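In what follows, a single structure is set out as C-alpha coordinates and then discussed.
Note that the structure is a prediction, hence the values are computed from the model and not measured.
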Amino acid sequence: MLLRIDNLHVSYGAIKALHGVSLEIDRGEIVTLIGANGAGKTTLVNCISGVLRPNRGAVRFGDEDITPLPPNKRARRGIARSFQIPRPFRSMTVLENLMVALDFAAGRNVLEQASHRRDAALSILTRMGLASKAYDPTVTLTQVELRKMELARAMATGPKLLISDEAMAGLSASEVDEVLDLLMSLGGEDIAVIMIEHIMQAVMRFSERVMCLDAGRIIAVGTPAEVMANTRVQEAYLGS
(Lines give C-alpha, C1' and ligand atoms only; values in the text may rest on other atoms or scores of the structure.)
Protein backbone atom coordinates (compact mmCIF):
# COMPACT_ATOMS: atom_id res chain seq x y z
CA MET A 1 0.00 0.00 0.00
CA LEU A 2 1.42 3.39 -1.03
CA LEU A 3 -1.18 5.85 0.30
CA ARG A 4 -3.77 5.39 2.99
CA ILE A 5 -6.33 8.02 4.00
CA ASP A 6 -8.16 7.33 7.27
CA ASN A 7 -11.41 9.09 8.20
CA LEU A 8 -10.53 12.61 7.01
CA HIS A 9 -12.71 15.46 8.22
CA VAL A 10 -12.27 19.04 7.03
CA SER A 11 -14.61 21.87 7.97
CA TYR A 12 -14.74 25.53 7.02
CA GLY A 13 -16.91 26.88 9.79
CA ALA A 14 -20.28 25.14 9.45
CA ILE A 15 -19.40 23.76 6.00
CA LYS A 16 -18.09 20.19 5.98
CA ALA A 17 -15.79 19.92 2.97
CA LEU A 18 -14.77 16.33 3.81
CA HIS A 19 -16.78 14.05 6.05
CA GLY A 20 -15.12 10.77 7.00
CA VAL A 21 -13.23 10.13 3.76
CA SER A 22 -11.08 6.98 3.67
CA LEU A 23 -9.24 5.43 0.73
CA GLU A 24 -6.22 3.34 -0.18
CA ILE A 25 -4.02 3.54 -3.28
CA ASP A 26 -1.43 0.98 -4.36
CA ARG A 27 1.91 1.58 -6.04
CA GLY A 28 1.48 2.15 -9.75
CA GLU A 29 -2.31 2.45 -9.49
CA ILE A 30 -4.16 4.97 -11.65
CA VAL A 31 -7.15 6.55 -9.90
CA THR A 32 -9.47 9.36 -10.95
CA LEU A 33 -11.47 11.57 -8.58
CA ILE A 34 -14.71 12.90 -9.99
CA GLY A 35 -17.52 14.97 -8.55
CA ALA A 36 -19.42 18.19 -9.06
CA ASN A 37 -17.82 21.52 -8.19
CA GLY A 38 -17.67 21.82 -4.42
CA ALA A 39 -17.76 18.05 -3.86
CA GLY A 40 -14.45 18.08 -1.98
CA LYS A 41 -11.97 16.89 -4.61
CA THR A 42 -9.50 19.76 -4.24
CA THR A 43 -9.81 19.68 -0.46
CA LEU A 44 -8.89 15.99 -0.52
CA VAL A 45 -5.81 16.41 -2.70
CA ASN A 46 -4.78 19.44 -0.62
CA CYS A 47 -4.81 17.15 2.42
CA ILE A 48 -2.72 14.57 0.55
CA SER A 49 -0.16 17.10 -0.70
CA GLY A 50 0.05 18.92 2.65
CA VAL A 51 -1.43 22.26 1.63
CA LEU A 52 -4.24 21.67 4.11
CA ARG A 53 -4.26 20.01 7.54
CA PRO A 54 -7.43 18.00 8.27
CA ASN A 55 -9.46 18.64 11.41
CA ARG A 56 -9.50 14.91 12.04
CA GLY A 57 -8.08 11.80 10.40
CA ALA A 58 -4.69 10.70 9.11
CA VAL A 59 -2.67 10.53 5.90
CA ARG A 60 -0.17 7.67 5.67
CA PHE A 61 2.42 7.37 2.91
CA GLY A 62 4.17 4.05 2.90
CA ASP A 63 4.81 3.22 6.54
CA GLU A 64 4.82 6.82 7.74
CA ASP A 65 2.11 9.06 9.16
CA ILE A 66 2.68 12.26 7.17
CA THR A 67 -0.37 14.14 8.50
CA PRO A 68 1.73 16.80 10.29
CA LEU A 69 4.27 17.27 7.48
CA PRO A 70 4.30 20.41 5.27
CA PRO A 71 4.20 20.15 1.44
CA ASN A 72 7.97 20.41 0.92
CA LYS A 73 8.68 17.46 3.20
CA ARG A 74 5.96 15.41 1.53
CA ALA A 75 7.48 16.25 -1.85
CA ARG A 76 10.83 14.94 -0.69
CA ARG A 77 9.13 11.69 0.31
CA GLY A 78 7.73 11.29 -3.18
CA ILE A 79 4.44 13.19 -3.54
CA ALA A 80 4.32 15.53 -6.55
CA ARG A 81 1.49 17.66 -7.88
CA SER A 82 0.78 19.31 -11.20
CA PHE A 83 -1.79 22.09 -11.54
CA GLN A 84 -4.45 23.04 -14.07
CA ILE A 85 -2.89 26.48 -14.52
CA PRO A 86 0.89 26.12 -15.01
CA ARG A 87 3.02 28.69 -13.22
CA PRO A 88 6.48 28.37 -14.74
CA PHE A 89 9.38 30.67 -13.95
CA ARG A 90 8.71 32.89 -16.93
CA SER A 91 12.18 34.45 -17.03
CA MET A 92 13.76 31.00 -17.43
CA THR A 93 13.98 28.54 -20.29
CA VAL A 94 12.09 25.25 -20.23
CA LEU A 95 15.29 23.41 -19.30
CA GLU A 96 16.07 25.81 -16.47
CA ASN A 97 12.56 25.30 -15.05
CA LEU A 98 13.22 21.58 -14.84
CA MET A 99 16.64 22.05 -13.30
CA VAL A 100 15.07 24.02 -10.44
CA ALA A 101 12.89 20.99 -9.68
CA LEU A 102 15.90 18.70 -9.91
CA ASP A 103 17.82 20.97 -7.52
CA PHE A 104 15.01 20.56 -4.99
CA ALA A 105 14.94 16.78 -5.44
CA ALA A 106 18.70 16.43 -5.17
CA GLY A 107 19.06 18.20 -1.83
CA ARG A 108 22.83 18.39 -2.23
CA ASN A 109 25.58 20.50 -3.81
CA VAL A 110 23.88 21.58 -7.03
CA LEU A 111 27.01 23.01 -8.63
CA GLU A 112 28.84 19.72 -8.28
CA GLN A 113 25.98 17.86 -9.94
CA ALA A 114 25.16 20.41 -12.67
CA SER A 115 26.06 18.21 -15.65
CA HIS A 116 24.10 15.28 -14.24
CA ARG A 117 21.08 17.46 -13.64
CA ARG A 118 21.19 18.86 -17.17
CA ASP A 119 21.31 15.36 -18.64
CA ALA A 120 18.44 14.26 -16.41
CA ALA A 121 16.36 17.31 -17.36
CA LEU A 122 16.95 16.73 -21.07
CA SER A 123 15.95 13.09 -20.66
CA ILE A 124 12.65 14.06 -19.05
CA LEU A 125 11.96 16.68 -21.72
CA THR A 126 12.62 14.10 -24.43
CA ARG A 127 10.10 11.78 -22.84
CA MET A 128 7.54 14.59 -22.69
CA GLY A 129 8.12 15.51 -26.33
CA LEU A 130 9.66 18.85 -25.39
CA ALA A 131 13.34 18.27 -26.22
CA SER A 132 13.19 20.74 -29.12
CA LYS A 133 11.88 23.41 -26.70
CA ALA A 134 14.56 22.93 -24.04
CA TYR A 135 16.31 26.25 -24.62
CA ASP A 136 13.17 28.25 -25.43
CA PRO A 137 11.65 30.69 -22.92
CA THR A 138 8.46 29.34 -21.36
CA VAL A 139 6.45 32.29 -22.73
CA THR A 140 6.70 30.77 -26.22
CA LEU A 141 5.02 27.47 -25.27
CA THR A 142 1.51 26.50 -26.37
CA GLN A 143 -1.10 25.42 -23.83
CA VAL A 144 -0.47 21.70 -24.34
CA GLU A 145 3.29 22.29 -24.13
CA LEU A 146 2.82 24.17 -20.86
CA ARG A 147 0.80 21.23 -19.45
CA LYS A 148 3.55 18.84 -20.53
CA MET A 149 6.16 21.03 -18.90
CA GLU A 150 4.09 21.10 -15.70
CA LEU A 151 4.11 17.29 -15.72
CA ALA A 152 7.83 17.30 -16.49
CA ARG A 153 8.55 19.50 -13.46
CA ALA A 154 6.55 17.13 -11.28
CA MET A 155 8.41 14.13 -12.69
CA ALA A 156 11.76 15.83 -12.06
CA THR A 157 11.20 15.46 -8.31
CA GLY A 158 11.19 11.65 -8.65
CA PRO A 159 7.67 11.01 -7.36
CA LYS A 160 6.10 7.78 -6.13
CA LEU A 161 2.70 9.49 -6.32
CA LEU A 162 1.68 12.14 -8.85
CA ILE A 163 -1.45 14.23 -8.31
CA SER A 164 -2.70 15.69 -11.58
CA ASP A 165 -5.26 18.46 -11.11
CA GLU A 166 -7.28 18.88 -14.34
CA ALA A 167 -4.18 18.70 -16.52
CA MET A 168 -6.31 18.44 -19.66
CA ALA A 169 -8.82 21.24 -19.11
CA GLY A 170 -9.21 23.40 -22.22
CA LEU A 171 -7.24 21.10 -24.52
CA SER A 172 -8.42 19.68 -27.83
CA ALA A 173 -9.30 15.98 -28.15
CA SER A 174 -5.95 15.16 -29.76
CA GLU A 175 -4.07 17.14 -27.10
CA VAL A 176 -6.00 15.29 -24.37
CA ASP A 177 -4.81 12.02 -25.91
CA GLU A 178 -1.20 13.26 -25.85
CA VAL A 179 -1.34 14.09 -22.14
CA LEU A 180 -3.21 10.86 -21.35
CA ASP A 181 -0.54 8.78 -23.05
CA LEU A 182 2.10 10.43 -20.86
CA LEU A 183 0.11 9.88 -17.66
CA MET A 184 -0.71 6.26 -18.51
CA SER A 185 2.96 5.47 -19.04
CA LEU A 186 3.67 6.30 -15.39
CA GLY A 187 1.75 3.30 -14.03
CA GLY A 188 4.22 1.01 -15.77
CA GLU A 189 7.01 2.69 -13.80
CA ASP A 190 5.33 1.95 -10.47
CA ILE A 191 4.27 5.59 -10.05
CA ALA A 192 0.74 5.95 -8.72
CA VAL A 193 -1.41 8.71 -10.22
CA ILE A 194 -4.41 10.49 -8.72
CA MET A 195 -6.17 12.55 -11.35
CA ILE A 196 -8.92 15.13 -10.87
CA GLU A 197 -10.71 15.34 -14.18
CA HIS A 198 -14.05 16.32 -15.71
CA ILE A 199 -13.36 15.15 -19.27
CA MET A 200 -15.17 11.82 -19.60
CA GLN A 201 -12.93 10.74 -22.48
CA ALA A 202 -9.99 10.95 -20.07
CA VAL A 203 -11.81 9.34 -17.14
CA MET A 204 -13.01 6.33 -19.12
CA ARG A 205 -9.71 5.69 -20.88
CA PHE A 206 -7.28 6.50 -18.09
CA SER A 207 -8.68 5.11 -14.88
CA GLU A 208 -8.19 1.75 -13.24
CA ARG A 209 -10.49 2.96 -10.47
CA VAL A 210 -12.82 5.94 -10.22
CA MET A 211 -13.93 7.52 -6.95
CA CYS A 212 -16.88 9.88 -6.93
CA LEU A 213 -17.18 12.52 -4.21
CA ASP A 214 -20.42 14.23 -3.29
CA ALA A 215 -20.77 16.76 -0.46
CA GLY A 216 -17.49 15.64 1.09
CA ARG A 217 -18.19 11.90 1.03
CA ILE A 218 -17.09 9.12 -1.33
CA ILE A 219 -20.35 7.77 -2.75
CA ALA A 220 -18.96 5.27 -5.29
CA VAL A 221 -15.72 3.42 -6.03
CA GLY A 222 -15.10 1.03 -8.90
CA THR A 223 -14.19 0.70 -12.53
CA PRO A 224 -15.14 3.64 -14.77
CA ALA A 225 -18.10 1.71 -16.19
CA GLU A 226 -19.34 0.68 -12.74
CA VAL A 227 -19.16 4.19 -11.31
CA MET A 228 -20.77 5.85 -14.32
CA ALA A 229 -23.66 3.37 -14.11
CA ASN A 230 -24.21 4.15 -10.42
CA THR A 231 -27.55 5.91 -9.84
CA ARG A 232 -26.17 8.11 -7.04
CA VAL A 233 -23.30 9.21 -9.27
CA GLN A 234 -25.68 10.04 -12.10
CA GLU A 235 -27.80 12.14 -9.76
CA ALA A 236 -24.89 13.90 -7.98
CA TYR A 237 -22.44 14.34 -10.84
CA LEU A 238 -24.14 13.85 -14.17
CA GLY A 239 -27.34 15.60 -13.11
CA SER A 240 -29.77 12.90 -14.17
Side-chain angles (χ1 to χ4, degrees), residues 1-26 29-62 64-75 77-87 150 154 159 161-170 192-200 202-203 206-207 209-224 226-240:
M1 190 63 56
L2 179 66
L3 177 72
R4 179 173 175 176
I5 304 296
D6 287 320
N7 196 32
L8 284 193
H9 290 257
V10 175
S11 297
Y12 302 105
I15 299 172
K16 293 184 177 181
L18 293 179
H19 191 77
V21 170
S22 298
L23 62 90
E24 294 180 346
I25 293 176
D26 290 327
E29 188 175 12
I30 299 174
V31 177
T32 301
L33 296 177
I34 65 171
N37 290 334
K41 304 183 299 298
T42 299
T43 299
L44 177 56
V45 298
N46 281 343
C47 287
I48 295 170
S49 63
V51 174
L52 186 65
R53 185 80 59 87
N55 300 108
R56 279 195 289 150
V59 180
R60 298 193 65 85
F61 193 65
E64 183 181 8
D65 183 353
I66 62 169
T67 312
L69 297 184
N72 64 314
K73 291 188 177 180
R74 297 191 194 200
R77 283 160 173 75
I79 297 176
R81 184 174 179 181
S82 66
F83 293 87
Q84 177 183 352
I85 301 174
R87 295 182 176 87
E150 183 76 359
L161 170 66
L162 172 65
I163 301 170
S164 173
D165 192 348
E166 296 194 53
M168 288 157 278
V193 181
I194 299 175
M195 181 174 75
I196 296 177
E197 193 51 69
H198 290 287
I199 300 173
M200 285 298 103
V203 173
F206 175 82
S207 314
R209 277 196 299 159
V210 175
M211 300 181 182
C212 183
L213 282 162
D214 181 44
R217 299 176 186 267
I218 294 178
I219 61 171
V221 180
T223 67
E226 289 169 344
V227 171
M228 292 306 168
N230 185 293
T231 302
R232 290 186 67 191
V233 173
Q234 292 174 1
E235 292 173 350
Y237 181 51
L238 302 178
S240 59

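For the pair Thr32 (side chain) and Val210 (backbone), a donor-acceptor distance under 3.5 Å is absent. Within the 3.5 Å criterion, the main-chain N or O of Leu69 finds a donor-acceptor partner in the side chain of Arg74. The closest donor-acceptor contact from the side chain of Lys41 to the backbone of Gly35 lies under 3.5 Å. No donor-acceptor pair closer than 3.5 Å links the side chain of Asn46 to the backbone N or O of Leu52.
Heavy-atom minimum distance, Val227 versus Val221: CG2-C, 3.8 Å. Heavy atoms only, all atoms of each residue included: Thr67 and Gly57 are closest at CG2-O, 3.9 Å. The minimum heavy-atom distance linking Arg232 with Asn230 is given by the pair N-OD1, 2.8 Å. Nearest heavy-atom pair, Ala80 versus Ala154, reported as atom, atom and distance to 0.1 Å: CB-O, 3.7 Å. Heavy-atom minimum distance, Glu197 versus Ala202: CG-CB, 3.9 Å. Closest approach of Leu2 and Ala192 over heavy atoms only: CD2-CB, 3.7 Å.
In this structure Glu24 satisfies the side chain to side chain donor-acceptor pair (under 3.5 Å) test with no other residue, sequence neighbours excluded.
With rounding to the nearest 0.5 Å, the separation of CE in Met195 from CD1 in Ile30 is 9.0 Å. Here the straight-line distance linking atom CD1 of Ile48 with atom CD1 of Ile79 works out to 7.5 Å at 0.5 Å rounding.
In summary, Arg60 and Asp6 do not engage in a salt bridge, as defined by a charged side-chain N under 4.0 Å from a carboxylate O.
Considering only heavy atoms from C-beta on, Cys47 comes within 4.5 Å of Val10 through its side chain. Between Met228 and Ile34 the shortest side-chain heavy-atom distance falls below 4.5 Å.
For CZ of Arg4, the number of neighbouring non-hydrogen atoms (other residues, nucleotides, ligands) closer than 6.0 Å is 12 at most.
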Discussion item. Please evaluate residues Ile194 and Leu44 with respect to the criterion side chain to side chain contact (heavy atoms under 4.5 Å, CB included), reporting the C-alpha separation (whole Å), side-chain torsions for both, the decisive distance (0.1 Å), and the verdict.
Written reply: CA-CA 11 Å; Ile194 299 175; Leu44 177 56; over 6 Å; no
Worksheet item: Stepwise, does the side chain to side chain contact (heavy atoms under 4.5 Å, CB included) test hold for His198 with Asn37?
Response: CA-CA 10 Å; His198 290 287; Asn37 290 334; 3.9 Å; yes
Practice prompt. Determine, step by step, whether Val59 and Phe61 satisfy the side chain to side chain contact (heavy atoms under 4.5 Å, CB included) criterion, reporting the C-alpha distance in whole Å, the side-chain angles of both residues, the deciding distance to 0.1 Å, and the verdict.
Written response: CA-CA 7 Å; Val59 180; Phe61 193 65; 5.7 Å; no
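When each of Ile25, Val31, Asp26 is checked for a side-chain contact (heavy atoms from CB on, under 4.5 Å) with Leu3, only Ile25 meets the rule.
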